[in-house]
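The structure appears below as structure tokens.
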Amino acid sequence: MSRAGSQQVRIKATAAVLSTALLVAGCGGAGSGGSDAKTSDAAAARGAASGGPGSASTSASASEAPAQPLGEARLKSAALVGGDVDGYQITDFPVKPDGDSTARPADCQPLENMRTASPDPGPEAFVGLLAFGGAGPTAGSATMIGLMSYDATDAGDILDGLRAALKKCTAYEGGVPARTTVEAATAPDAGDDAVAFGLRTRGDGADAFVVVRSGATVVLFYTASGNGSAAKVPAELVTAQIRKLGA
């Protein structure tokens, strides 16, 4: 098989991993069950966790994205398209993930909700993308990008809930994998707030997640491993998407 053919096979395989993980959870209410984990710990975590795992300094990169919820049309205009990032093919993600997947223990629910791109509460508008790496070290990689529109309070609560979950949750059962191990990560200096983590299914590499709040918009970046090694969300995709959102 030619190098180009092998690359296309890797891209399709990794995209299939993403699609399966996001869609097989079912078609129930978005992120149901997450409210159990959104306790006072989430509110207390805002700001206080600035030095903890997955936190980000935002002083140098706070965006100018709107603080009001964006409608679907405005969200689409702010989404990356082909040609925006060198080395990547960018296409629409065909459907809005809508998971009804329960994590045990409940402290881990916000992480499972984000794995299925179905945070609680659900967004007012959602635009999904798939970015395929075509050259260099990212060749064959696939990253799902989900732009989710909220009001400012709910947008902040989504990231607070993730940060609180990362303080308590090391592993959980439920969802698609039989057991998932949680790995806190260092978030990029992007947008107004950011959280990063990895989820590792037994016997497989860790999938990588970066969640950025830019104004009232929450952006999920989810890079699947696909080949057993640990995945990494490409920094260039995060930078380009958050910059475009704030333009």
Taking NZ, NE, NH1 and NH2 as the nitrogens, is one of them in Asp84 or Lys244 under 4.0 Å from a carboxylate oxygen of the other?
yes
If you measure from the Lys or Arg side-chain nitrogens to the Asp or Glu carboxylate oxygens, is any gap between Lys167 and Asp107 under 4.0 Å?
no
Specify the closest pair of heavy atoms between [X] and [Y], including all atoms of both residues, with the distance to one decimal.
X	Y	value
Ala208	Val233	O-CG2, 3.6 Å
Gly215	Ala155	O-CB, 4.4 Å
Met144	Ala117	CE-CB, 4.1 Å
Lys76	Val127	CG-CG2, 3.6 Å

In sequence, state the C-alpha distance, the side-chain angles, and the governing distance for Gln89 and Leu130, and then conclude on side chain to side chain contact (heavy atoms under 4.5 Å, CB included).
CA-CA 8 Å; Gln89 304 172 41; Leu130 278 175; over 6 Å; no
Cut-off 3.5 Å, side chains only: do Gln109 and Tyr172 have a donor facing an acceptor?
no
Say whether Glu124 and Ser149, considering side chains only, have a donor N or O and an acceptor N or O under 3.5 Å apart.
no
Are any of the side-chain heavy atoms of [X] and [Y] separated by less than 4.5 Å?
X	Y	value
Thr180	Leu199	yes
Thr217	Met148	no
Val211	Val218	yes
Leu166	Val195	yes
Val238	Phe221	yes
Asp193	Val212	no

Please determine whether side chain to side chain contact (heavy atoms under 4.5 Å, CB included) holds for the pair Val81 and Ile90, giving the CA-CA distance in whole Å, both sets of side-chain angles, and the decisive distance to 0.1 Å.
CA-CA 6 Å; Val81 296; Ile90 298 175; 5.7 Å; no
Could you list the residues that satisfy side-chain hydrogen bond (donor to acceptor under 3.5 Å, both in side chains) with Asp151, not counting sequence neighbours?
none
Contacts of type side-chain hydrogen bond (donor to acceptor under 3.5 Å, both in side chains), residue Lys232, not counting sequence neighbours:
none
One pair to check against side chain to side chain contact (heavy atoms under 4.5 Å, CB included): Thr143 and Tyr222. What are the steps and the verdict?
CA-CA 5 Å; Thr143 298; Tyr222 171 11; 5.7 Å; no
Do any N or O atoms from the side chain of [X] and from the backbone of [Y] form a donor-acceptor pair under 3.5 angstrom?
X	Y	result
Ser118	Thr116	yes
Tyr150	Asp157	no
Gln241	Leu80	yes

Full working for side chain to side chain contact (heavy atoms under 4.5 Å, CB included) between Tyr88 and Asp86
CA-CA 6 Å; Tyr88 289 89; Asp86 290 344; over 6 Å; no
